[in-house]
Amino acid sequence: MSQAIPAVLPWHKATFQKWHEQTHRSHAYLIVSPEDTGGESLLHSFAASVLCETPNSSFEACGHCAGCSLIQASSHPDYRILRPTIWDVTNEIEETRPEKPSKHITIDQVRDLASMVNQTSHRGGLRVVLIYPAHTLNANAANALLKTLEEPPSHTLFFLLTHDVKQLLPTIISRCQRLTAPAPELSSAMDYLNTTIASQNDWADKLHAENGAVMRVANLNTTNYFTLQEQFASKLAKGAQSNALKLAEQFDKHIKDAAKAQLSGEPLSIDMGVVITWLQRWVHDLSCIAQQAGDARYFKKHKPALTRLSEQAPAEKLITKLHHWQQQLLKEQRAAEHPLNTRIWLEKLFLQYTQLF
Ligand SMILES: [Zn+2]
């Protein structure tokens, strides 16, 4: 399995540069970056730049020295990546792996580090450990890691990444120096998508709908996600006239088809959680417009429809109902990972929606 060395993303250059210019190094860094804005790529760039034997003047890995070649061949002896095994699932692996891929970083993965950090560095330089997303360390793994961070092995750098610091043990946070990796500005994200995916004129709409998560947009663009999102929004735009039962039937089918496509290796386009997120964002936008408290944030291109909907019920009454429903959707989102019967659930939600007006 080969592994590419990523170029430092334009919106991470300042963070990357700043770290390399530091004169005092910590042994552990916690990088906090908004979800799906390329934080993992920044970690890989840090690792490559440290393990590269002839980095360039901007500190980036050269891509052709012995260190870089070992990274590309996924066989650098002084380099470990800890992430949930679900990240590594391909069809090929799934057939040979008896246990279910995990969404968490386990204690066994942390213990495996000992075999590397207790030996001297193979190539005479620093050793690098990447841990992402760090909030997926389960409790035992987090405690084991804490012990390692409390008695840090020599010549070893730890880079942890998270988009949700609140989920990390405070004791782990306190052992790390914190760095912030920002999300890209809209224009920077659009440039990136235009050059790495394809020149498309609807990137701005897609970035708004996904709250600026540029990597998520890039990943989902290969699936029917945005087509379905558009269909969904156009149905919601009908307000009380939306056919809730029909919509539930359609999206129940789309969710089942997406799960099947995922089994054959495609990125998951939609599931129950996604549908609830769309509803939450639609309600957020509708609520802002009804309160005249700002513009649509996610469904900007549907602003005329949202404005029309906001006028279909007395503003005060609608705002109260929207507020209550937002609370309800938060609860539904928590239960979305294990839906008992998607069709019935969708019918209930869509009926509630039509009753807002
Ligand atoms: Zn190199």
Side-chain angles (χ1 to χ4, degrees), residues 1-33 36-83 87-88 90 105 109 112-134 148-149 152-162 176-182 184 188 191-192 195-197 214-215 218-219:
M1 203 169 60
S2 68
Q3 189 186 321
I5 295 178
V8 180
L9 293 164
W11 55 94
H12 288 156
K13 287 213 189 271
T15 308
F16 182 81
Q17 199 82 12
K18 201 173 119 193
W19 183 81
H20 275 285
E21 284 164 0
Q22 277 182 352
T23 43
H24 289 288
R25 284 274 164 84
S26 168
H27 64 280
Y29 291 86
L30 173 62
I31 287 130
V32 183
S33 173
D36 286 323
T37 57
E40 299 82 11
S41 175
L42 177 61
L43 255 67
H44 283 262
S45 297
F46 273 132
S49 67
V50 169
L51 297 169
C52 172
E53 290 159 20
T54 51
N56 69 20
S57 57
S58 327
F59 311 104
E60 293 193 45
C62 73
H64 47 72
C65 69
C68 285
S69 303
L70 286 165
I71 294 174
Q72 285 158 333
S74 295
S75 55
H76 200 298
D78 301 324
Y79 184 27
R80 290 286 189 284
I81 301 169
L82 268 56
R83 60 186 182 188
W87 284 62
D88 301 313
T90 64
I105 298 172
Q109 289 173 281
D112 274 349
L113 284 179
S115 64
M116 175 181 77
V117 298
N118 293 334
Q119 290 175 5
T120 49
S121 147
H122 282 76
R123 297 202 55 83
L126 287 163
R127 290 174 294 214
V128 180
V129 179
L130 305 184
I131 302 175
Y132 61 81
T148 310
L149 295 178
S154 64
H155 299 99
T156 308
L157 278 173
F158 289 84
F159 290 96
L160 287 73
L161 171 75
T162 188
C176 300
Q177 187 176 332
R178 200 190 286 206
L179 289 178
T180 303
S188 179
D191 285 347
Y192 173 81
T195 42
T196 56
I197 312 276
V214 58
M215 296 305 171
N219 197 28

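Just so you know, ligand 1 is whichever comes first in the structure, and atom 1 is the first atom listed for that ligand.
Within the 4.5 Å cutoff, the side chain of Phe16 has heavy atoms near those of the Ser45 side chain. Residues Leu51 and Leu126 have side chains not in contact (no heavy-atom distance under 4.5 Å, counting atoms from C-beta outward).
Partners of Glu53 by side-chain hydrogen bond (donor to acceptor under 3.5 Å, both in side chains), not counting sequence neighbours, listed by chain and number: Arg123. Annotation: salt bridge (Lys or Arg N to Asp or Glu O under 4.0 Å) contacts of Glu40 (sequence neighbours excluded): none.
The two residues Pro6 and His44 come nearest to each other via the heavy atoms CG-CB, 3.8 Å.
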Could you pull out every donor-acceptor pair under 3.5 Å between side chains of residues 61-68 and any protein atom, sequence neighbours left out?
none

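Around the Zn ion (ligand 1), the protein N, O or S atoms closer than 2.8 Å are Cys52 SG, Cys62 SG, Cys65 SG, Cys68 SG, listed by chain and residue number.
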